[in-house]
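What follows is a set of notes on a single structure, which appears directly below.
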Amino acid sequence: MAGLRLGPLLRYTDGSSATVWVETSRPCTAQVRCADGSGGAADTFQIAGHHYALVPVTGLTTGTTTTYEVLLDGTSVWPPPGSPFPPSAIHAPGPEGGLRVAFGSCRWASPPAGGHDPVGPDALDALATRLAADPEGERPDVLLLLGDQVYADETTDSTQRWLAARRDLDEPPGTGVADYEEYTHLYYESWLDPRIRWLLSTVPSFMIFDDHDVIDDWNTSASWLSDMRATGWWRERLLSGLMSYWVHQHLGNLSLEELAADPVYEQVRKLPDGTDVLRAFAARADADPATTRWSYRRDFGRVRLVMVDSRAARVLAENNRAMLDPGEEAWLRAQVRDTPGSYDHLLLGTSLPWLLPHLVHDAEGWNAALCRGERGERWARVGEKLRRAADLEHWSAFPESFAGLAELIAEAGSGRDAPATVCVLSGDVHHAYVAEPSWPGDGPDARVVQLVCSPVHNSVPLSIRMAFRIGWNAVSRGIGRCLASHGRLSRPPVSWRKTGGPWFGNQLMTLTLRGRSARLRLEQARAREGTGPRLTTLLDSELTP
């Protein structure tokens, strides 16, 4: 009899349909049966000895909520008997209702129940605890996970013991994962946490990768990539990372129409074993990133989300560096420009912050100038070492891309069809803050904000905390200007200021969007004896009048 190994995860949702992702113990037919009579079924497909299904759920009624169960070959496997959690449910949002969007990034797997947690309580665990205690209370309509859903290079002690039973950890890649099977272990460790498993079964989630989903500083530079490709272990690590991301994260981001048009998904489902097809796809994505699009767009009524791949779509040649390749940049512009006036809020999701503390911004631009030879070959070698050592590879390390995004945001936020807000949602930097840009002249009509929320469950060293605290002050700005002058950098097309933070800790932000109003809340996870972690509000403010 087939069993449920992982999931269910409630992924794509709209007013009439949804998808539910599962991994099973053997080939079978997975079925989702809803209390209102809607549902769907799908046969599993096989990748590297694992069996998965993405079940299309159709017939939902807009604006309603229905509970559901999962059956494998006709036998109910979810909810599990004796579950302490409320039934999992699918909410089909209506076009006129408000939308709550919770987001964050960087989640290191939580230790088993009762174990010591070296980085403090998990914000997603805390969210699950609150929702389970009050099933009829306020809840997110969608959960955006903005990168580092798993840590392939910074594994837990328990994972390292598991890896040591498979291979010699003294050989590269050491305690990092090496192949597809080891990636699947990371998802088991992270998503089988009982609270997380229930949360992901009942709150729709959309995801995008960042570097740790593959390796720290992934695609920092052409020199970095060349060094990695020269190793004996990198190719398997990367291909397995892209394959596991496609299975566990990417598929669930797609609508039913997009899935039907996806040739890789079609081939994988038709074959007894889709491993070779998916591996060939990953190899093409590695050889020529422009052939693959991981970015996507979702419209929730009058809220538009454009999730941008700011890792795999990079152009790394020093004389032509760009955060997005030309095709990806054109796609982003097309999504923002499509049917102006049809959305009241534009959410741009990018794992890496667009607006950083001024000192960090200038240091990254200066470093990019050194690396492309602005101050000669010796400085270029120094610059590359600094870039890798200090992770200098955000939007500000790609000055033309930074300026291009500023131009696009100004265009999107201007004119009689302008949305009320343009929000850039980011993570990565292991703290939270709010920054607001301003343009020369009148600037956009929309309220534009950079919202950074990280980590969901991780930590940041004290030295980095101090750097992010002082990076905004006047002295740091002066140092940054000196670096920019040495690098012969032109002034950025926008100025900006920090209007909230920095906040450190495990946390989540929530945007509540209703009509043309927007409200922002930041909550931090705090330990609570006996009843699980709780979320404490640090900020609750209106973004629009």
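Note that these values count all heavy atoms, side chains included, but never hydrogens, waters or copies made by symmetry.
We find the OG-CG distance between Ser16 and Leu60 to be 7.0 Å, quoted to the nearest 0.5 Å. How far CD of Gln524 is from OG1 of Thr536: 7.5 Å, rounded to the nearest 0.5 Å. One finds the CG atom of Leu145 at 5.0 Å from the CE atom of Met207 (value rounded to the nearest 0.5 Å). Between Leu200 atom CG and Leu9 atom CG the span is 4.5 Å, to the nearest 0.5 Å. Remark: Ile208 CD1 to Leu146 CG distance equals 9.0 Å, nearest 0.5 Å. One finds the OG1 atom of Thr58 at 7.5 Å from the CG atom of Leu256 (value rounded to the nearest 0.5 Å).
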Task: Arg279 vs Glu236, salt bridge (charged side-chain N to carboxylate O under 4.0 Å, His left out): CA-CA, chis, key distance, verdict - done: CA-CA 10 Å; Arg279 187 176 180 85; Glu236 185 60 39; 2.8 Å; yes
Open item on the list: Checking Asp122 against Ser110 for the side-chain hydrogen bond (donor to acceptor under 3.5 Å, both in side chains) test, could you report, in this order, the C-alpha distance in whole Å, the side-chain angles of both residues, the deciding distance, and whether it holds?
Closed with: CA-CA 7 Å; Asp122 186 329; Ser110 295; 2.7 Å; yes
Task: Trace of the salt bridge (charged side-chain N to carboxylate O under 4.0 Å, His left out) decision for Arg521 with Glu138 - done: CA-CA 13 Å; Arg521 185 171 69 231; Glu138 176 188 306; 2.7 Å; yes
TODO: Verify ring-ring contact (aromatic ring centres under 6.0 Å, His included) between Tyr68 and Trp78, making sure each step is shown before the conclusion.
DONE: CA-CA 9 Å; Tyr68 73 92; Trp78 185 271; 8.1 Å; no
Open item on the list: What verdict does the side-chain hydrogen bond (donor to acceptor under 3.5 Å, both in side chains) test give for Thr159 and Arg161, after you've listed the backbone C-alpha separation in whole Å, the side-chain angles of each residue and the deciding distance to 0.1 Å?
Closed with: CA-CA 5 Å; Thr159 290; Arg161 289 191 293 270; over 6 Å; no
TODO: List the steps, then state whether side-chain hydrogen bond (donor to acceptor under 3.5 Å, both in side chains) holds for Thr156 with Glu189.
DONE: CA-CA 9 Å; Thr156 63; Glu189 181 180 47; 2.4 Å; yes
- [ ] Apply the test salt bridge (charged side-chain N to carboxylate O under 4.0 Å, His left out) to residues Glu393 and Arg314: give CA-CA distance (whole Å), side-chain angles for both, the deciding distance (0.1 Å), then the verdict.
- [x] CA-CA 11 Å; Glu393 39 92 37; Arg314 297 178 174 188; 3.0 Å; yes
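For the residue pair Ser426 / Gln450, a side-chain donor-acceptor distance below 3.5 Å is found, with atom types taken as modelled. With no hydrogens or angles considered, a side-chain donor-acceptor pair links Gln249 and Tyr187 at under 3.5 Å. Inspection of the Asp179 and Ser240 side chains reveals no N or O donor paired with an N or O acceptor under 3.5 Å. Arg5 and Thr24 are not linked by any side-chain donor-acceptor pair at a separation below 3.5 angstrom, with hydrogens and angles left out of the test. Donor-acceptor pairing under 3.5 Å is recorded for the side chains of Tyr151 and Asn458. Between the side chains of Ser351 and Ser310, at least one donor N or O lies within less than 3.5 Å of an accepting N or O. Defined by atom type and a distance below 3.5 Å, a donor-acceptor pair is missing between the side-chain atoms of Arg269 and Gln267. Counting only N and O atoms by type, the side chains of Thr537 and Asp540 include no donor and acceptor under 3.5 Å apart. Side-chain contact check for Asp36 and Ser38: at least one donor-acceptor pair (N or O, by modelled atom type) lies under 3.5 Å. Side chain to side chain, Asp428 and Ser454 fail the donor-acceptor criterion of an N or O pair below 3.5 Å. No side-chain N or O of Arg302 forms a donor-acceptor pair with one of Ser342 less than 3.5 Å apart. Between the side chains of Ser190 and Gln149, no donor-acceptor pair is found at a separation under 3.5 Å. The closest side-chain donor-acceptor pair between Arg519 and Ser517, if any, does not fall under 3.5 angstrom. In this structure, a donor-acceptor pair under 3.5 Å is absent between the side chains of Ser83 and Trp198. A donor-acceptor pair shorter than 3.5 Å cannot be found between the side chains of Ser88 and Thr202. Checking Ser76 against Glu69 by side-chain atom types alone, a donor-acceptor pair falls below 3.5 Å.
Side-chain contact between Met243 and Tyr183 is absent, with no heavy-atom pair separated by less than 4.5 Å. Asp153 has its side chain within reach of Arg237: a pair of non-hydrogen atoms, C-beta onward, lies under 4.5 Å apart. Here the side chains of Tyr12 and Val57 are not in contact, with every heavy-atom distance at 4.5 Å or above. Counting heavy atoms from C-beta outward, Leu254 and Asp262 have side chains that approach closer than 4.5 Å. Side chains of Val142 and Phe103 form no contact here, defined as non-hydrogen atoms less than 4.5 Å apart. Looking at heavy atoms from C-beta onward, Ile47 lies in side-chain contact with Tyr52 at the 4.5 angstrom threshold. A 4.5 Å side-chain heavy-atom check between Leu508 and Leu522 finds every atom pair outside the cut-off. Using a 4.5 Å heavy-atom threshold, the side chains of Val424 and Leu451 count as separate.
Across all their heavy atoms, Pro502 and Phe468 have their closest contact at CG-O, 4.5 Å. Summarising the geometry of Asp309 relative to Ser295, their closest heavy-atom pair is N-OG, 2.8 Å, with the distance given to 0.1 Å.
Each of Asp148, Asp210, Asp216 was evaluated against Arg311; a single residue qualifies, Asp210, per the salt bridge (Lys or Arg N to Asp or Glu O under 4.0 Å) test.
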Which atom pairs, donor and acceptor, lie under 3.5 Å between side-chain atoms of residues 126-135 and protein residues at least two apart or in another chain?
{"from": "Thr129", "atom 1": "OG1", "to": "Asp125", "atom 2": "O", "distance (Å)": "2.9"}
{"from": "Thr129", "atom 1": "OG1", "to": "Arg195", "atom 2": "NE", "distance (Å)": "3.0"}
{"from": "Arg130", "atom 1": "NH1", "to": "Glu523", "atom 2": "OE2", "distance (Å)": "2.6"}
{"from": "Arg130", "atom 1": "NH2", "to": "Glu523", "atom 2": "OE1", "distance (Å)": "3.3"}
{"from": "Asp134", "atom 1": "OD1", "to": "Gly137", "atom 2": "N", "distance (Å)": "3.3"}

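Between His248 and Trp21, the ring center distance clears the sub-6.0 Å criterion. In summary, the aromatic rings of His431 and Trp503 are positioned with their centroids too far apart to meet the 6.0 Å limit.
With hydrogens and angles ignored, the 3.5 Å screen pairs no side-chain donor or acceptor of Thr44 with any backbone N or O of His51. Formation of a donor-acceptor pair under 3.5 Å by the Thr155 side chain with backbone atoms of Thr175 is found in this model.
Taking the six-membered ring where tryptophan is involved, the planes of Phe209 and Trp218 are perpendicular, since the angle between them exceeds 60° and thus also 30°. Between Trp246 and Tyr265, the ring planes are tilted. Angles from 30° to 60° get that label.
Ion pairing between Arg447 and Glu436 holds under the 4.0 Å rule for side-chain N and carboxylate O.
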